[in-house]
Amino acid sequence: MEHMREKSPLELELIERARRLIPALKARSAQADRDCKLPEETIRDLQEAGLFRVLQPRMWGGHEVDLRTFFEIQMTLAEGCMSTAWVYGVMGVHPWQLARYPVEAQRDVWAQDSSALVASTYMPVAKVTPVEGGYRISGRWGFSSGSQHSQWCLLGGILPVDGDLASEHGTFLVPCSDYRIETNWEVLGLRGSGSHDIVVEDAFVPAHRVQRTNNYSIEATPGRQVNTNPMYSIPFAQVFVRAVSTSAIGALQGAINEFSEAAAKHIGKHGAKTAEDPLAQTAVAEAIITVDSLKLVLERNYTHLLKLAAAGVYPDVETRLLYRYQSAHVTNVCADRVSDLLRSMAASGLYSTNPVARLFRDLHQARGHIANNVAAYGRSFGTVQLGLPNPDPFV
């Protein structure tokens, strides 16, 4: 990817800071799995390296660098620990979304502490009651990655009809004092992501902390009037979905690294090295070209989206659906490739201490996220390709 565009010295430094964290992230990965939470040292390392500020507006102490750099950092972190990269992707993309909220909401989060972290769960389960000055919400949401490290949470709900505005998905920004975390993240993979439940019991959310999630208009995203970088104009569905798929590319690269190192050393029961096995040779070759192809598509798509945003052009429906489908495809093909690698390690690869086995579990967990439902998004894209209306109201 390096040859495609010139990165600034700051971007290069941020990517290098992420790379320097890989050994520590590897060393902590087993603890993250056991605790179902990232170690506090990891969050501190990410904060001190300035990585959560990558997409944060400059007016609030952020770096405001290119989205492609953000995703490269996420892939780099995943080579050490996919759970860390998953949390980084989710929590690191929220400053991008918050930059689109009214400035008053940005002030609520960042004025006192510009390093404040925001978690999310966009499941539209809130019970929403319009009241004077905003809404009252209640509900229980699942899958809030990194919530134990956050001071705020973005919660999904269906906003009722409001004058000329139709009923649609909304995102409610809520401080941690207004919700509790139910720790129930006992799962196969991405255990360190700590994606526990969030419970709210009748909290007031002022109108300036509510966003019509997929509404692209300047009225719905007034923060763009002050945060004028074109990247803040890309549609929400084209940015957040990549935050929950791109770590898979880096995780597959991490599996390639671990597999290659093990294959050179391991001698099977019949005296042959894993490296001499034709199946192992094919599996690693396929994994490498998969990583390369997925990176190229990611770079190409965001180059195009940023160009459209700079010109004030909303991407057409075929582009939106294709890019959405390609994002969901990532975790699925990466999970298939890591399955091939693990199978090539035979019985010795099945110990839970094997880093490739951990990445196998993480990648298969990631493909279960609703945003990575490749069949659904493939059908939506195919439907429009065949001349029928777009069936997906969120894309």
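Looking at Pro175 and Arg209, their side chains come closer than 4.5 Å, going by heavy atoms from C-beta outward. In this structure, His364 and Ser339 have side chains that are in contact, with non-hydrogen atoms separated by less than 4.5 Å. Side-chain contact between Arg53 and Ser114 is present, with at least one heavy-atom pair separated by less than 4.5 Å. The shortest distance between side-chain heavy atoms of Val174 and Trp152 does not fall below 4.5 Å. Between Leu155 and Val200 there is a side-chain heavy-atom pair separated by less than 4.5 Å. Contact annotation: the side chain of Gln56 never approaches that of Phe52 to less than 4.5 Å [non-hydrogen atoms, C-beta and beyond]. In this structure the side chain of Cys153 never reaches within 4.5 angstrom of the side chain of Ser147, judged on heavy atoms. A 4.5 Å side-chain heavy-atom check between Leu21 and Leu51 finds at least one atom pair inside the cut-off.
The existence of a salt bridge linking Arg68 and Glu11 is excluded, since no basic side-chain nitrogen approaches an acidic carboxylate oxygen closer than 4.0 Å. Taking 4.0 Å as the cut-off between side-chain N and carboxylate O, Glu261 and Lys265 count as a salt-bridged pair. A salt bridge is defined here as a Lys NZ or Arg NE, NH1 or NH2 lying under 4.0 Å from an Asp or Glu carboxylate O, and Glu258 with Arg358 fails to meet this definition. Residues Arg367 and Asp362 are not paired through a salt bridge, judged by the lack of any N-O separation under 4.0 Å between the basic side chain and the carboxylate. Taking 4.0 Å as the cut-off between side-chain N and carboxylate O, Arg180 and Asp197 do not count as a salt-bridged pair. Using a cutoff of 4.0 Å between basic side-chain nitrogens and carboxylate oxygens, Glu79 and Arg19 are scored as salt-bridged.
The aromatic rings of His369 and Trp86 sit tilted, their planes meeting at an angle between 30° and 60°.
Test Leu55, Ile234, Leu305 against Val239 for side-chain contact (heavy atoms from CB on, under 4.5 Å) and you get one pass: Ile234. Just one of Thr221, Asn214, Val241, Val395 meets the side-chain contact (heavy atoms from CB on, under 4.5 Å) condition when paired with Phe236; it is Asn214. When Lys295, Lys7, Arg242, Arg5 are each tested for a salt bridge (charged side-chain N to carboxylate O under 4.0 Å, His left out) with Glu72, only one passes: Lys7.
Residue Gln326 holds its CD atom at 10.0 Å from CG of Leu298, rounded to the nearest 0.5 Å. In this structure, the separation between CG on Leu38 and OG1 on Thr84 is 4.5 Å, given to the nearest 0.5 Å.
Using a 4.5 Å cut-off between side-chain heavy atoms of Ile, Leu, Val, Met, Phe, Trp and Tyr, with links allowed through other members, Val210 and Leu173 fall into different hydrophobic clusters. Taking hydrophobic clusters as Ile, Leu, Val, Met, Phe, Trp and Tyr residues chained together by side-chain heavy-atom distances below 4.5 Å, Tyr323 shares a cluster with Val317. Under a hydrophobic-cluster definition in which Ile, Leu, Val, Met, Phe, Trp and Tyr are linked whenever side-chain heavy atoms come within less than 4.5 Å, directly or via other members, Leu117 and Ile198 are assigned to different clusters. Both Tyr88 and Met231 are assigned to one and the same hydrophobic cluster, defined by single-linkage of ILVMFWY side chains at heavy-atom distances under 4.5 Å. Note on Ile73: it clusters hydrophobically with Leu306, by side-chain heavy-atom contacts below 4.5 Å among ILVMFWY residues.
Annotation: His169, atom NE2; neighbour count of heavy atoms from other residues, nucleotides and ligands within 6.0 Å is above 12. Heavy-atom contacts from other residues, nucleotides or ligands closer than 6.0 Å to CZ of Phe240 number more than 12. By the 6.0 Å contact criterion, CZ on Phe143 is open, its count of non-hydrogen atoms from other residues, nucleotides or ligands being 12 or less. Counting heavy atoms of neighbouring residues, nucleotides and ligands inside a 6.0 Å radius, atom CD1 of Ile370 does not exceed 12 of them.
Seen from the ring of Tyr232, Arg100 does not count as a face-on cation partner, given the 6.0 Å and 45° thresholds.
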| Can you list the steps and then say if Asn227 with Glu64 is a side chain to side chain donor-acceptor pair (under 3.5 Å)? | CA-CA 10 Å; Asn227 298 312; Glu64 200 178 303; over 6 Å; no
| said: side chain to side chain contact (heavy atoms under 4.5 Å, CB included), that's the test. Do Ser380 and Arg324 meet it? Break it down for me. | reply: CA-CA 10 Å; Ser380 294; Arg324 183 71 189 75; over 6 Å; no
| request: Output, in order, the C-alpha distance, side-chain angles, deciding distance and verdict of side chain to side chain donor-acceptor pair (under 3.5 Å) for Ser83 and Ser193. | output: CA-CA 5 Å; Ser83 284; Ser193 70; 5.2 Å; no
| request: Go through the steps to decide whether Glu186 and Arg191 satisfy the test salt bridge (Lys or Arg N to Asp or Glu O under 4.0 Å), and finish with yes or no. | output: CA-CA 7 Å; Glu186 185 56 50; Arg191 290 171 60 84; 2.8 Å; yes
| task | Could you go through the side chain to side chain contact (heavy atoms under 4.5 Å, CB included) check for Glu182 and Arg140 one step at a time? | result | CA-CA 9 Å; Glu182 294 277 349; Arg140 183 187 186 111; 3.5 Å; yes
| task | Give the C-alpha distance, both sets of side-chain angles, the deciding distance and a yes or no for side chain to side chain contact (heavy atoms under 4.5 Å, CB included) between Leu350 and Asn354. | result | CA-CA 7 Å; Leu350 300 180; Asn354 175 18; over 6 Å; no
| field | Chi angles and distances behind the side chain to side chain contact (heavy atoms under 4.5 Å, CB included) call for Ser245, Thr331 | value | CA-CA 6 Å; Ser245 73; Thr331 53; 4.1 Å; yes
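Aromatic pair Tyr302/Phe70: ring centres not closer than 6.0 Å.
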Tabulate below the donor-acceptor pairs under 3.5 Å that side-chain atoms of residues 123-139 make, not counting sequence neighbours, or state none.
| from | atom 1 | to | atom 2 | distance (Å) |
| --- | --- | --- | --- | --- |
| Arg136 | NE | Asp202 | OD1 | 2.9 |
| Arg136 | NH2 | Asp202 | O | 3.1 |
| Ser138 | OG | Asp202 | N | 2.7 |

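Hydrophobic cluster membership of Leu188, counting Ile, Leu, Val, Met, Phe, Trp and Tyr whose side-chain heavy atoms lie under 4.5 Å apart directly or via other members: none, as it forms a cluster of its own.
The closest side-chain donor-acceptor pair between Ser233 and Arg224 falls under 3.5 angstrom. For the residue pair Thr121 and Ser144, no side-chain donor N or O sits within less than 3.5 Å of a side-chain acceptor on the partner.
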